[in-house]
Undergrad: 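Below is a structure I'd like to ask you about.
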Amino acid sequence: MQARYIQRGESIDFVPERDIAAGEIVIRNGLIGVARIPVKKGTLGSLALSGVFDVTKTVHCAFSVGAAVYWDTVRQSAVTSGELLLGLAAESSKLNDSHVRVILNSGGITINNNEATLNWQTIN
């Protein structure tokens, strides 16, 4: 057997090593997701890997629709550049806005010369 279907991939199961709050960005070895509901330490939970979320951002960052959105693990906020791609901006966000609306990266985003492209896929 080379592969066996498990699930659609919109979310994955995980067991956290600490309590996780609803809406918390969780990074697991470079895989980034959002906890939709609170998950207690040591219990089975779920991380959303796709979808559209309002994400806290650094006040001094502005995003245009389609711009790459990165996650800053130190500031715990979305930023305009970095190493951990969160997704693409679904709406424009001004400098003083508290959040940016993000289409989570589910493997369909490519970056070339600092330009982000979302490769749309249909899930049946």
Undergrad: Atom OG in Ser11, atom CG in Leu47: separation rounded to 0.5 Å?
TA: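 Answer for the OG-CG pair, Ser11 versus Leu47, is 8.5 Å.
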Undergrad: Only counting residues at least two apart or in another chain, list the ones meeting salt bridge (Lys or Arg N to Asp or Glu O under 4.0 Å) with Arg28.
TA: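 None.
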Undergrad: Could you list the residues that satisfy side chain to side chain donor-acceptor pair (under 3.5 Å) with Thr58, not counting sequence neighbours?
TA: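 Per chain and number, Thr58 pairs via side chain to side chain donor-acceptor pair (under 3.5 Å) with Ser77.
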Undergrad: How close do Ala48 and Leu104 get, heavy atom to heavy atom, and via which atoms?
TA: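 Heavy atoms only, the tightest pair is O-CD1, 3.5 Å.
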Undergrad: What residues form a side chain to side chain donor-acceptor pair (under 3.5 Å) with Glu91, not counting sequence neighbours?
TA: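 Counting only residues at least two positions away or on another chain, Glu91 forms a side chain to side chain donor-acceptor pair (under 3.5 Å) with Arg101.
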Undergrad: Scan residues 65-77 for pairs that pass salt bridge (charged side-chain N to carboxylate O under 4.0 Å, His left out), counting only residues two or more places apart or in two chains.
TA: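 Non-adjacent pairs meeting salt bridge (charged side-chain N to carboxylate O under 4.0 Å, His left out): Asp72-Arg75.
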Undergrad: What are the two closest non-hydrogen atoms of Val102 and Gly87, and how far apart are they?
TA: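 Reported closest heavy-atom pair: CG1-CA, 3.9 Å.
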Undergrad: What's the spacing between Ser46 OG and Gln7 CD if we round to 0.5 Å?
TA: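 The distance works out to 7.5 Å.
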Undergrad: Under the rule for side chain to side chain donor-acceptor pair (under 3.5 Å), what residues qualify as partners of Arg18, not counting sequence neighbours?
TA: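 Testing Arg18 for side chain to side chain donor-acceptor pair (under 3.5 Å), a comparison that skips the adjacent residues, returns Glu24.
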Undergrad: Under 3.5 Å, which donor-acceptor pairs do the side chains of residues 31-44 form with other protein atoms, sequence neighbours left out?
TA:
{"residue": "Thr43", "atom": "OG1", "partner": "Lys40", "partner atom": "N", "Å": "3.4"}
{"residue": "Thr43", "atom": "OG1", "partner": "Lys40", "partner atom": "O", "Å": "2.7"}

Undergrad: Run the side-chain donor-acceptor check on residues 60-68: report pairs under 3.5 Å with partners two or more places apart or on a different chain.
TA:
none

Undergrad: Measure from the side-chain N and O atoms of Lys57 to the backbone N and O of Thr80, and report whether any donor-acceptor pair falls under 3.5 Å.
TA: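 No.
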Undergrad: Are Ile25 and Leu86 side-chain neighbours, meaning at least one heavy-atom pair lies under 4.5 Å?
TA: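 Touching, per the 4.5 Å side-chain cut-off.
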Undergrad: Test of understanding: with side-chain contact (heavy atoms from CB on, under 4.5 Å), list the residues that count as partners of Thr73, not counting sequence neighbours.
TA: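 Applying side-chain contact (heavy atoms from CB on, under 4.5 Å) to Thr73 gives Ile27, Trp71, Gln76, Leu84.
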Undergrad: Quick check: are there more than 12 heavy atoms from other residues, nucleotides or ligands sitting under 6.0 Å from CD of Glu83?
TA: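 Counting neighbours around CD of Glu83, 12 or fewer heavy atoms of other residues, nucleotides or ligands fall under 6.0 Å, so no.
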